[in-house]
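Okay, structure first, notes after.
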Amino acid sequence: MQEPSVKDDDAVDAALLARRQRLLGASYRLFYQRPFHPVRGEGVWLFDRHGTAHLDAYNNVACVGHCHPKVVEAIANQAATLNTHTRYLHETILDCAERLIDSLPAPLAQLVFTCSGSEANDLALRMARAFTGGEGLIVTELAYHGVTQAIAEASPSLGSKVKLGTSVRTVPAPVDRGDGAAAMGARFAAGVQAAIDDLAAHGIRPAALLLDSVFSSDGIVTDPVGFLAPAVETIRRAGGLYIADEVQAGLGRTGVLWGFPRHGVRADLVTLGKPLGNGHPVAGVAGRRDVMDHFGETARYFNTFGGNPVACAAALAVQRVMAEEDLVAQAATVGADLHAGLGQIAATTDRLGAVRGAGLLAGVEVLDAQGAPDAALAQALVDGLRERQVLISATGPQANVLKIRPPLVFNRTHVERLCEVLEAALVDVLETWRDR
């Protein structure tokens with residue numbers, strides 16, 4: 001039997017794409033110039049309909065690996081037993097909450113479950129506004145925090161057509177100029193103070209500073225450790241709270257369990273997202289007891305499926321797997337290999353710049369021949385890797401930062417494969433573009 005060709009695949013996918021656009025509309029977006037069509041996942045691999053394995057170096061949601069058998073078993077067993085809501089007593093819900101709270105630093109003492117990171121950030125904002133009496137929210141210039149109405153208005157990465165809320169102010173993301181954490185932190189804090197001052201000029205009290213702990217949409221900024229502290233002190237002096245968005249930074253991503261404590265700061269509220277359930281819809285807000293109690297005393301909150309028994313069984317299984325397989329330590333050790341490998345490649349060419357990140361999160365700047373951000377080359381590399389069965393993406397204000405964020409079960413062999421393919425793709429793309 002003759003093997004299917006790329007042309008045959010393209011025809012099938014074109015028909016599927018037309019059907020998708022007809023049924024789902026224009027708001028959905030796809031990755032890659034030639035869309036990817038996976039049908040099965042296992043560990044760090046996604047398989048197309050021909051059984052071809054693609055190395056997943058992007059999907060953090062399946063944090064303990066695609067279709068981890070212990071997570072699948074936990075979901076199936078609980079779904080076959082009971083699935084209701086949080087208005088009934090249920091041990092699994094409490095076991096899951098207790099384990100999460102125990103893993104978080106003080107003063108975080110209570111947790112409310114939601115279905116998604118968007119809902120978690122929306123709820124955290126409501127809690128901050130209720131507790132402080134303020135309305136103002138400060139985020140970075142290219143932040144992404146979710147898609148509810150209030151949070152979309154605080155997610156400038158959604159594009160200029162999604163207008164910022166009237167009580168939302170943006171600040172430039174922190175930039176490492178090589179002058180140390182103190183200087184970097186002072187610059188970032190000055191931006192936060194300017195936003196507070198502008199809110200005050202419009203009669204708006206600040207409620208919160210909401211930050212993705214690794215600034216993933218801003219191009220990935222994780223170091224030097226400690227630069228967040230002055231900004232957190234600044235918002236607290238103004239009467240606002242610090243909300244740590246750990247949807248991407250948390251659960252071991254940076255080689256430690258949570259991202260914000262790396263900087264020596266305490267959060268008032270922390271938001272968690274779907275990596276908590278390995279892709280099953282479960283998320284939540286953890287917070288100070290006084291903040292959570294105040295909200296509970298002044299507002300009603302109920303989420304039918306937030307923290308249901310199946311979701312909590314999934315999240316509890318994820319936490320157990322992470323402990324059993326020592327995945328936080330693996331993220332640290334394999335992440336060091338990843339950053340070293342990427343750094344070696346970058347050292348051989350002027351088209352790759354700084355390598356940033358921590359643990360199994362990496363961003364690689366892509367530059368043109370003059371050293372300026374090159375979004376076109378970044379996208380060509382993303383597509384080039386996809387054609388070689390390796391999946392990554394791009395991020396940053398200029399869309400020129402390669403974004404590498406694999407499941408935590410990524411190992412040294414996978415790092416070697418990723419680096420080999422990146423080198424090959426870079427050579428091929430630059431050769432193709434030589435006469436441009």
Can you give each donor-acceptor pair under 3.5 Å made by side-chain atoms of residues 89-109, sequence neighbours left out, with the distance rounded to 0.1 Å?
from : atom 1 : to   : atom 2 : distance (Å)
H90  : ND1    : T92  : N      : 3.2
S103 : OG     : L100 : O      : 2.7
S103 : OG     : W258 : NE1    : 3.4

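Sorted by first then second residue, the side-chain hydrogen bond (donor to acceptor under 3.5 Å, both in side chains) pairs that include residues 337-347, not counting sequence neighbours, are D337-R412.
Environment of CD in E42: sparse, with no more than 12 heavy atoms of neighbouring residues, nucleotides or ligands closer than 6.0 Å. Counting non-hydrogen atoms of other residues, nucleotides and ligands closer than 6.0 Å to CZ of R22 gives a total above 12. Other residues, nucleotides and ligands place no more than 12 heavy atoms under 6.0 Å from the CZ atom of F305.
Note that CD1 of I392 and CG of L418 are 7.0 Å apart. Values are rounded to the nearest 0.5 Å. In this structure, L272 CG and L111 CG are separated by 6.5 Å, a value rounded to the nearest 0.5 Å. For the atom pair OH (Y32) and OG (S393), the distance works out to 6.5 Å, reported to the nearest 0.5 Å. Within the model, atoms CZ of R405 and CG of D56 stand 9.0 Å from one another, a figure rounded to the nearest 0.5 Å. With rounding to the nearest 0.5 angstrom, the CZ atom of R388 is 9.5 Å from the CZ atom of R417.
R129 meets the salt bridge (charged side-chain N to carboxylate O under 4.0 Å, His left out) test with E135; sequence neighbours excluded. E153 is linked by a salt bridge (charged side-chain N to carboxylate O under 4.0 Å, His left out) to nothing, counting only residues two or more places apart in sequence or in another chain. For R386, there are no salt bridge (charged side-chain N to carboxylate O under 4.0 Å, His left out) partners two or more places apart in sequence or in a different chain. Residues meeting the salt bridge (charged side-chain N to carboxylate O under 4.0 Å, His left out) test with D368, sequence neighbours left out: none.
Electrostatic pairing of D179 and R177 does not count as a salt bridge here, judged by no charged N lying under 4.0 Å from a carboxylate O. With salt bridges taken as basic N to acidic carboxylate O contacts below 4.0 Å, none links R187 and D176.
Side-chain atoms of N83 come within 3.5 Å of backbone N or O of V310 as a donor-acceptor pair. A donor-acceptor pair is defined here as one N or O able to donate and one able to accept, closer than 3.5 Å; no such pair exists between the side chain of Q389 and the backbone of L55. A donor-acceptor pair is defined here as one N or O able to donate and one able to accept, closer than 3.5 Å; such a pair exists between the side chain of H414 and the backbone of N411. Looking at H66, its side chain never comes within 3.5 Å of a backbone N or O of G41 through a donor-acceptor pair. Put simply, the side chain of Q78 gets close to the backbone of L82: a donor and an acceptor are under 3.5 Å apart. No donor-acceptor pair closer than 3.5 Å links the side chain of R253 to the backbone N or O of G359. Remark: side-chain polar atoms of S155 are not paired, donor with acceptor, to backbone N or O of L158 under 3.5 angstrom. At least one donor-acceptor pair closer than 3.5 Å links the side chain of D218 to the backbone N or O of L142. In this structure a side-chain-to-backbone donor-acceptor pair under 3.5 Å is present from R356 to G219. In this structure, the side chain of Q248 does not engage the main chain of D212 through any donor-acceptor pair within 3.5 Å.
For Q330 and D326, the side-chain atoms include no donor-acceptor pair closer than 3.5 Å. Counted by atom type alone, T234 and Q193 present zero donor-acceptor pairs between their side chains at under 3.5 Å. Donor-acceptor pairing under 3.5 Å is lacking for the side chains of E141 and T170.
Ring centroid separation for the pair H54 and F36 comes in under the 6.0 Å cut-off. Between H85 and Y88, a ring centre-to-centre spacing shorter than 6.0 Å is recorded.
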Go through the steps for N121 and T271 under the test side chain to side chain donor-acceptor pair (under 3.5 Å), then give the verdict.
CA-CA 6 Å; N121 280 321; T271 57; 2.9 Å; yes
Could you go through the side chain to side chain donor-acceptor pair (under 3.5 Å) check for E73 and H68 one step at a time?
CA-CA 9 Å; E73 181 182 24; H68 193 290; over 6 Å; no
For D268 and R236, what are the C-alpha separation, side-chain angles and deciding distance, and is it a salt bridge (Lys or Arg N to Asp or Glu O under 4.0 Å)?
CA-CA 10 Å; D268 302 299; R236 289 209 175 109; 3.2 Å; yes
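For the pair L211 and L209, the minimum side-chain heavy-atom distance is below 4.5 Å. A 4.5 Å side-chain heavy-atom check between S118 and Y144 finds at least one atom pair inside the cut-off.
Using cut-offs of 30° and 60° on the angle between ring planes, the pair F295 and Y301 is tilted. Ring geometry for F215 versus F227: interplanar angle of 30 to 60°, hence tilted.
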